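Fair warning: this is a prediction, and the values are worked out from it, not measured in the lab.
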Amino acid sequence: MAAGWKGAARMGLGWGLFTGAAGDNRPHAHHAIQVLLADAPKRVWTSQRGWQEVRGLMIGPDLAHALAPGAERVTLIYVEPESESGARLRLALSEGVRELTDAERIAIQRAFEADPATQPDRVLVHALEPSVESEPASRPDPVIDRIIASIPSRLERPVSATQLAEAAGLSASRFQHRFRARTGLALRPYLRWRRLLIAIAAVMHGESLTDAALSGGFADAAHFTRTVRRHFGITPGMMAALGR
């Protein structure tokens, strides 16, 4: 585990969540939207604003940032920017960085306290209204649900939209449209998150980085590590330690 990182992490399709003490003090940029919630004022550096002290901050994708290490409890939420929730959150990021109001921060924290298992990206969208639009509920789609159920068994090999569209009996464009309507993600980021979930779960169960990477359909451990760093700014080994 990286020095100073202590806590717990979990992730789902299009999102990640960490709660604990942050040890990150190196500037880095990843592709996820990141939201910081802090029990006490926390020093955060971004390439746009330099160092500032905040209790709630949303940082846009691919923006260099760093957290000052410390023992105080923080919550970090990561959202895939190409997801439906991510696209809505980006509406509140006109300048790449947005400090949360006390009301927004408290609303998010209360939502987690009321239901710790709640999906964090949806909590953020709801708490930041009217800055973002409300998220429509996904409707059942038996054809797409059947394809989704088959995806884990396909991930050891390359998966294309054309292959899945043929399996669904749809044109590629129609399949992509219905897939995004059902999942909130385009196919490519959805597959990336599914691979991450499988590979990170394997690491957490004690598999080597190489075996975990292959189980998730990554080319090798280096590719797996780069993908995790891109989204979370830490390595798979660090994430596995936080998940134990």
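T162 contributes atom OG1, which lies 8.5 Å from atom CD of Q176 (distance to the nearest 0.5 angstrom). With values rounded to the nearest 0.5 angstrom, L36 atom CG is found 9.5 Å from H65 atom NE2. To the nearest 0.5 Å, atom CD of residue E207 and atom CD1 of residue I200 are 13.0 Å apart. Interatomic distance, OG1 of T225 versus CZ of F218, reported as 9.5 Å (0.5 Å rounding). Remark: L128 CG to L100 CG distance equals 6.0 Å, nearest 0.5 Å. In this structure, L214 CG and I198 CD1 are separated by 12.5 Å, a value rounded to the nearest 0.5 Å.
A salt bridge is absent between E82 and R180: the closest approach of a Lys/Arg side-chain nitrogen to an acidic carboxylate oxygen does not fall below 4.0 angstrom. Checked for salt-bridge contact, E80 and R192 meet the test: a charged N lies under 4.0 Å from a carboxylate O. Looking at D141 and R178, a side-chain N of the basic residue comes within less than 4.0 Å of a carboxylate O on the acidic one, giving a salt bridge. Comment: K42 does not engage E53 in a salt bridge, judged by the lack of any side-chain N to carboxylate O separation of less than 4.0 angstrom.
Of the possible donor and acceptor atoms, none in the side chain of H126 sits under 3.5 Å from a partner among the backbone N and O of R122. Judged by distance alone, the side chain of R49 and the main-chain N or O of V97 form a donor-acceptor pair under 3.5 Å. A donor-acceptor contact shorter than 3.5 Å is absent between the side chain of T118 and the backbone of D115. Under the 3.5 Å distance criterion, the side-chain polar atoms of K6 are left unmatched by any main-chain donor or acceptor of G20. Judged by distance alone, with hydrogens and angles left aside, the side-chain atoms of Q163 form a donor-acceptor pair with the main-chain N or O of S160 at under 3.5 Å.
Annotation: R146, atom CZ; neighbour count of heavy atoms from other residues, nucleotides and ligands within 6.0 Å is above 12.
The minimum heavy-atom distance linking L209 with P236 is given by the pair CD2-CB, 3.7 Å. In this structure, A127 and A107 approach most closely via the heavy-atom pair CB-CB, 4.2 Å. Counting all heavy atoms, side chain and backbone alike, G7 lies closest to F18 at CA-CE1, 4.0 Å. Shown here for L185 and L13, the closest heavy-atom pair between the two residues is CD1-C, 4.5 Å. Shortest non-hydrogen contact noted between W45 and P27 is CZ3-CB, 3.6 Å. Heavy-atom minimum distance, P81 versus A32: CD-CA, 3.9 Å.
You'll find the side chain of V228 reaches within 4.5 Å of the side chain of L196, heavy atoms only. Looking at W15 and R10, their side chains come closer than 4.5 Å, going by heavy atoms from C-beta outward. Looking at heavy atoms from C-beta onward, Q34 lies out of side-chain contact with I77 at the 4.5 angstrom threshold. Counting heavy atoms from C-beta on, the side chains of E166 and F175 never come closer than 4.5 Å. Between R194 and I148, the closest side-chain pair of non-hydrogen atoms falls below 4.5 Å. Side-chain contact between R98 and E104 is present, with heavy atoms from C-beta onward closer than 4.5 Å. Proximity of L164 to R154: side-chain heavy atoms (C-beta onward) are separated by under 4.5 Å at one or more points. Contact check for D145 versus I147: no side-chain heavy atoms found under the 4.5 Å cut-off.
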**OP:** For the pair I108 and L124, evaluate side chain to side chain contact (heavy atoms under 4.5 Å, CB included) and give the outcome as yes or no after the intermediate values.
**Re:** CA-CA 7 Å; I108 296 168; L124 292 177; 3.5 Å; yes
Original post:
Is there a side chain to side chain contact (heavy atoms under 4.5 Å, CB included) between F224 and R195 once you walk through the steps?
Top reply: CA-CA 9 Å; F224 174 38; R195 290 191 175 101; over 6 Å; no
**OP:** Could you give me the CA-CA distance, side-chain angles and deciding distance for W193 and L191, then say whether side chain to side chain contact (heavy atoms under 4.5 Å, CB included) is met?
**Re:** CA-CA 5 Å; W193 279 97; L191 293 175; over 6 Å; no
Original post:
How far apart are the C-alpha atoms of V79 and L89, what are their side-chain angles, what is the distance that settles it, and do they pass the side chain to side chain contact (heavy atoms under 4.5 Å, CB included) test?
Top reply: CA-CA 9 Å; V79 180; L89 291 174; 3.9 Å; yes
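Not counting sequence neighbours, E99 has no partner by the salt bridge (charged side-chain N to carboxylate O under 4.0 Å, His left out) test. By the salt bridge (charged side-chain N to carboxylate O under 4.0 Å, His left out) test, D211 pairs with no residue at all, sequence neighbours left out.
For residues 29-40, every residue pair satisfying the salt bridge (charged side-chain N to carboxylate O under 4.0 Å, His left out) rule, not counting sequence neighbours, is listed here: D39-R73.
In the hydrophobic clustering of ILVMFWY residues, with side-chain heavy atoms under 4.5 Å counting as a link, L17 and I106 come out apart.
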